[in-house]
Amino acid sequence: AAGNGTAAQSYPEIADAVVKEGNMRMAEKTLQTTGLPSFSKRKENAGVAPTKPTYGTQIDTMMALEANSEVDELSLEGVEDPEAYLTQRGNTYFESGSQAGAFYTWYGDEGTADDEFTGFTPRNDAIGDYCLDAGGSSNLCSLHIINWDREMGACFIYPRGTTGGLRRVPGGRQRIADAVGGGQAHYWAIVETFMWRFGLSVKRPDAHIRIANIDVEEVLGVSGAQTINSYSTNVLYLIETALSRVYNPDGRVMIYGSRSLIEGLARQASARVHTNVFKREQIDGMGKVMACNGKPVRTSDQLTTSESAVT
């Protein structure tokens, strides 16, 4: 299951995202403009027919993530501070839940699993204006440029009438059936449930630009489609293209990649003609961070280097 990774992982997308309450129980319904009203030339004493915009409906669904904790009372005997122990133990669930949430943010796909929401990657899975081709054929990964905005960009959503975020729900002291004993033996345990109801809403297609088909080994070796003169496929050049296409580039725009990809791009930038592209910059609200053309560059350990090729 997603979220069964190691403790030392980076998932900045969870903290970076803006959040809003959904307008449905487990979904967000968005009315999207699909056509603009037309204008006509008008002559004196001649009328103009009325026009109107056209709309389409997009529904972004949510998913439910849960984990249950049962701590045998016997294991708490002799513990100097049981409450501190339970708090520390509970923090591991927050870590695991955050990793799982980050994974589904990128790769969740309700088209193949109806208990998931659709993440960024399946939403943008065909080469075009908002999905750029880096020319690789193996060891594939993607770079994502995202505008986080509640009204016109991407945002996390949570069910109407509830509160957002990963929640910890105490269950108190409960009598637990021992599955090993065939359900006939019992013990007492301190029970907690950790739950997260959330989804992803992307209000317009240019709020997310994906650079796909990046061969991370070519990036690290500055070879193949990632040589410095490969102007149509080199990722550093494609970032410039993506930033010119993303919605409101002056907004809360951030760049996300896997750890090996970001390390490779930083190495290229420091050694080649892109010296000023990747550098540490002071970003409002974030301090001094790695940035590219003034946009924060974030490392997500949930982004893989084994993606399928995009055509």
Side-chain angles (χ1 to χ4, degrees), residues 2-17 95-96 98-108 119-122 124-125 127 131-146 208-243 253-281 286 288-293 295-310:
N4 292 340
T6 60
Q9 288 202 2
S10 174
Y11 39 86
E13 55 272 47
I14 301 301
D16 293 342
E95 175 74 22
S96 180
S98 296
Q99 291 182 22
F103 174 83
Y104 291 114
T105 296
W106 300 117
Y107 297 113
F120 283 112
T121 301
N124 214 342
D125 62 352
I127 298 299
C131 185
L132 309 179
D133 186 3
S137 58
S138 59
N139 311 301
L140 297 181
C141 60
S142 296
L143 197 76
H144 299 265
I145 293 86
I146 298 170
H208 167 228
I209 310 295
R210 177 186 178 190
I211 302 175
N213 297 336
I214 304 172
D215 185 330
V216 71
E217 295 301 324
E218 290 183 347
V219 172
L220 291 168
V222 197
S223 60
Q226 296 307 314
T227 60
I228 208 66
N229 295 322
S230 299
Y231 298 109
S232 63
T233 54
N234 183 281
V235 177
L236 293 176
Y237 294 117
L238 290 178
I239 290 174
E240 297 173 7
T241 302
L243 289 174
V253 174
M254 300 187 182
I255 300 170
Y256 297 88
S258 68
R259 186 171 298 277
S260 55
L261 174 59
I262 297 302
E263 289 173 355
L265 292 175
R267 184 185 306 172
Q268 280 197 31
S270 64
R272 302 284 175 163
V273 296
H274 295 81
T275 304
N276 295 323
V277 175
F278 270 66
K279 59 183 178 180
R280 295 188 67 81
E281 295 185 30
M286 301 180 71
K288 204 164 189 177
V289 298
M290 181 65 75
C292 177
N293 289 341
K295 305 304 176 187
V297 176
R298 314 289 270 162
T299 296
S300 174
D301 286 315
Q302 293 300 325
L303 283 168
T304 73
T305 55
S306 57
E307 295 179 353
S308 299
V310 179

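Each residue takes its place number in the sequence, starting with 1.
Taking CG from L261 and CD from E217, the interatomic distance works out to 11.5 Å, rounded to the nearest 0.5 Å. Note that CZ of R259 is 4.0 Å distant from CG of D301, once rounded to the nearest 0.5 Å. Taking CG of D133 as the reference point, atom CD1 of I127 lies at 4.5 Å (rounded to 0.5 Å). Separating the OG atom in S230 from the CG atom in L238 is a distance of 10.0 Å, to the nearest 0.5 Å. Atoms CD1 and OH, from I262 and Y256 in turn, are 11.0 Å apart once rounded to the nearest 0.5 Å. Rounding to the nearest 0.5 Å gives a distance of 9.5 Å between CG of L265 and CD1 of I255.
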E307 and S142: CA distance, side-chain angles, deciding distance, side chain to side chain donor-acceptor pair (under 3.5 Å) verdict: CA-CA 8 Å; E307 295 179 353; S142 296; 2.6 Å; yes

Criterion side-chain contact (heavy atoms from CB on, under 4.5 Å) on D215 and Q226, from CA distance to verdict: CA-CA 8 Å; D215 185 330; Q226 296 307 314; 5.8 Å; no

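Heavy-atom minimum distance, L243 versus I145: CD2-CG2, 3.9 Å. The minimum heavy-atom distance linking V289 with P296 is given by the pair CG2-CB, 4.4 Å. Residues N234 and I228 come closest through the heavy atom pair ND2-CA, 4.1 Å. In terms of heavy-atom proximity, L132 sits nearest to A242 at CD1-N, 4.0 Å. Here the closest non-hydrogen pair linking A134 and V235 is CB-CG2, 4.3 Å. The shortest non-hydrogen separation linking C292 to I239 is SG-CG2, 3.7 Å.
Aromatic ring orientation, H208 versus H144: parallel (interplanar angle below 30°, classes split at 30° and 60°).
Side chain of T305 to backbone of N139: no donor-acceptor contact under 3.5 angstrom is found. Between the side chain of S10 and the backbone N or O of T299 there is at least one donor-acceptor pair closer than 3.5 Å.
Side-chain contact of Q302 with T105: a donor-acceptor pair under 3.5 Å is absent, judged by distance alone.
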